[in-house]
Every structure is written in C-alpha cells, then in structure tokens.
There are 2 protein chains.
Amino acid sequence: MNSILSALAEPNRLKIVELLRDGPLTVGEIADRLGLHQPQASKHLRVLSEAGLVEMQPVANRRIYRLRPQPLLELNRWLASFSRVWEERFDRLDDYLLELQKSDRKPDDKP
Amino acid sequence: MNSILSALAEPNRLKIVELLRDGPLTVGEIADRLGLHQPQASKHLRVLSEAGLVEMQPVANRRIYRLRPQPLLELNRWLASFSRVWEERFDRLDDYLLELQKSDRKPDDKP
DNA sequence: CTCGAATATACCTTGACAGGAATATTCCAA
DNA sequence: TTGGAATATTCCTGTCAAGGTATATTCGAG
C-alpha cells in the first residue's frame, strides 16, 4: 500500500500512470509526451514497476509499458474502508467530546 | 491530487489517517498510539491538514483532529477513472503492437 | 497568579530521492 | 558486421523532508 502511494506521489510518475490509462506506451513516447529526458523516464518506470503499478513487455528494441490492475484494486479497497467517512453518517465528534469530559472528571465525580 | 498522495505516502501519516477512520482523536492520543514524539505528530498533522485530509477543532487545551471527506472523494473519483483498466476489457496491447508495426513500415509499404 | 499539561514551532542534522550527463547494452537494418 | 536507435544503468549533485531536541504558547486547576 505504501509503495503504491509513494510511487504515485511523484508528479511525473502520476502523469505517466495517467498516460498509460489510455493504453500501453513505449519509453520514448512517454518521455516525449511528458517532456522528460529518456533516462528519467526509465527511472520513473522502474519505480512504478517495483510498486507493481506497471509491467513491461519487450518488443525488439523497445519496451512497452502498461498498467497492472492489481495495485489499483488494492488502493480502491483501501479507500472503500473510508466510505463511512464520506457518507457522513460518521462524525463522532460529539461522542468524542463526551468521552473527553468523562476522562477529565475525577474518579469520584457523579455524572 | 498530488498533495493528497504525497501526504498519504509517508508511513506515519498513513497510519494517522487510518487511526482517524475510527473517529476523532487528540494529538496526544495519536502520538501515543503510534509511538511518535508529540512534535512529529503535530508536524504530520500539519501536512495532513494542508492537504485538506484532516481538520482540527480546539477544545480548551487540546486539539481534536478528524478526517475530512472531500479529498477521499477526490481520490476515489480519480481511481474510478481507471475502472476500465481493472475491469480488464481494456488491454490494448495487441492494438498497440499493430500500431508499432505500422509506424515502422516505410510509407510506400503495402500492408 | 502560578504551575503543569497539551500543543505548536524553530532549528539542526541526516538520509533519500530526483534530475543531469555520460555510458553500457541490446537489437535491427543495411 | 558495423552503425544507429531505443533503453537501462551509473555516478554525481542539490534539494527537500523527516526525526530529534529545545522552546514558545495557551489553557485550566488550584
């Protein structure tokens, strides 16, 4: 989960992933479209690859990169665990304030 | 989108967000549960706050932090734009290989 | 009004990482 | 078989961010 997020946290890598959303691409094409030098494109692709976000298939001289679904699914599942948060039936602030009061009271205090 | 991802990319901050999934918490409690020193907890919360991931409500001496739904929704929308990828009706590798061949051919080649 | 608890901020140091440039590697075509 | 295209790797350098420590700030209790 963490390697996925830090891979995506780098702006150029995020753009690479968004490029690949529309289909596989060659290293050179990625570098061109993003205005990167080829070595940096390769390096970013390596990071994405180690995070499992992309996979590569060699074709003669070139390497074709494409997205892998699995880490995206994983991220999706993680996000889903927060659905209560954005469905808003879940604030708990009031409850928490009561808890705070309670723990502040001295043990022999009457509610 | 990018500040959200880089906020979440840091392991301790990810843990903070996961802690807050179950309800609001005080700075001190967060530091305790994660084994962080208080200043680092505050600093991480600041980053999360600037990314819009959490909001704070002061109660006397303490600051209560809780999650904000919006950036999670944003992340969710972004992820959804990749649904084609993991629904797998979308590989396009074969198409792309054909494209590569085509562009390799000299202009006057017959298919 | 003083003290201690809770939190934020400032400063320093160190490590990781991104970009640049040069070079190695692999492959095809002529 | 040689050359050039496509890609990966290496080395260097500068920057930035995280942790540690000390300190400032704010608040309520007594």
Side-chain angles (χ1 to χ4, degrees), chain A residues 2-3 5-17 20 24-51 54-66 96-97 99-109, chain B residues 2-17 20 24-51 54-66 96-97 99-101 103-109:
Chain A
N2 216 286
S3 69
L5 287 169
S6 42
L8 294 174
E10 208 284 329
N12 285 317
R13 285 197 291 265
L14 187 63
K15 288 182 199 156
I16 290 180
V17 168
L20 293 180
L25 284 178
T26 277
V27 176
E29 280 177 319
I30 294 174
D32 281 354
R33 301 205 195 177
L34 298 186
L36 297 178
H37 294 155
Q38 174 268 321
Q40 344 295 342
S42 282
K43 284 189 267 189
H44 284 311
L45 285 165
R46 180 184 234 280
V47 175
L48 290 172
S49 181
E50 282 164 353
V54 303
E55 64 190 346
M56 182 265 280
Q57 170 162 351
V59 170
N61 231 357
R62 341 204 181 184
R63 314 290 174 97
I64 304 183
Y65 283 87
R66 56 178 163 172
Y96 190 71
L97 291 176
E99 287 304 318
L100 273 188
Q101 277 180 237
K102 241 191 292 181
S103 60
D104 281 351
R105 265 199 315 271
K106 299 198 203 77
D108 53 350
D109 274 356
Chain B
N2 215 288
S3 70
I4 301 176
L5 287 170
S6 42
L8 295 174
E10 207 285 327
N12 285 315
R13 284 197 293 264
L14 187 63
K15 289 180 196 157
I16 291 180
V17 168
L20 294 179
L25 284 178
T26 278
V27 176
E29 279 177 320
I30 293 173
D32 282 354
R33 302 204 194 178
L34 298 187
L36 296 177
H37 295 155
Q38 174 268 321
Q40 344 297 341
S42 282
K43 283 188 266 188
H44 284 310
L45 284 165
R46 179 184 237 280
V47 175
L48 289 172
S49 181
E50 282 165 352
V54 303
E55 63 191 347
M56 183 265 283
Q57 170 162 350
V59 169
N61 233 356
R62 341 204 181 184
R63 313 290 174 96
I64 303 183
Y65 283 87
R66 56 179 163 170
Y96 190 70
L97 291 175
E99 287 303 319
L100 274 188
Q101 277 181 240
S103 60
D104 280 351
R105 265 201 315 272
K106 300 201 202 74
D108 52 352
D109 275 356

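Reckoned from all heavy atoms, side chains included, excluding hydrogens, waters and symmetry mates. Convention: sequence-line order gives letters A, B, ...; per-chain numbering from 1.
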Are [X] and [N] close enough that a side-chain N or O sits under 4.0 Å from OP1 or OP2?
X: B:N12; N: D:dG19; result: yes
X: B:H44; N: D:dG19; result: yes
X: A:R46; N: D:dT7; result: no
X: B:R62; N: D:dC27; result: no
X: B:Y65; N: C:dA6; result: no
X: B:R63; N: C:dA6; result: no

Contact nearer the 5' end of DNA chain C, comparing A:A60 with A:H37: A:H37

5' precedence on DNA chain C between A:V47 and B:A41 (nearest-nucleotide basis): B:A41

Residue A:T26, side-chain heavy atoms: nucleotide from D:dA6, C:dG19, D:dA8 that is nearest: D:dA6

Euclidean distance, B:E55 CD relative to B:L20 CG, rounded to 0.5 Å: 11.0 Å

Residue pair B:L14 / B:L8: nearest heavy atoms and the distance that separates them: CB-O, 3.6 Å

Distance-minimising heavy-atom pair for A:S6 and B:A9: CA-CB, 3.6 Å

Donor-acceptor contact below 3.5 Å, side chain A:R62 vs main chain A:T26: no

Heavy-atom donor-acceptor pair, B:R13 side chain to B:A7 backbone, under 3.5 Å: yes

Would you kindly give the [atom1]-to-[atom2] distance between [X] and [N], to the nearest whole Å?
X: A:L36; N: D:dA8; atom1: CG; atom2: P; result: 13 Å
X: A:L48; N: D:dA8; atom1: CG; atom2: C1'; result: 15 Å
X: A:N61; N: D:dG4; atom1: CG; atom2: C1'; result: 9 Å
X: A:D32; N: D:dT7; atom1: CG; atom2: C1'; result: 13 Å

Touch class at under 4.0 angstrom, heavy-atom based, for B:P39 against every strand present: base

Any donor-acceptor N/O pair under 3.5 Å between D:dA8 base and A:Q38 side chain: yes

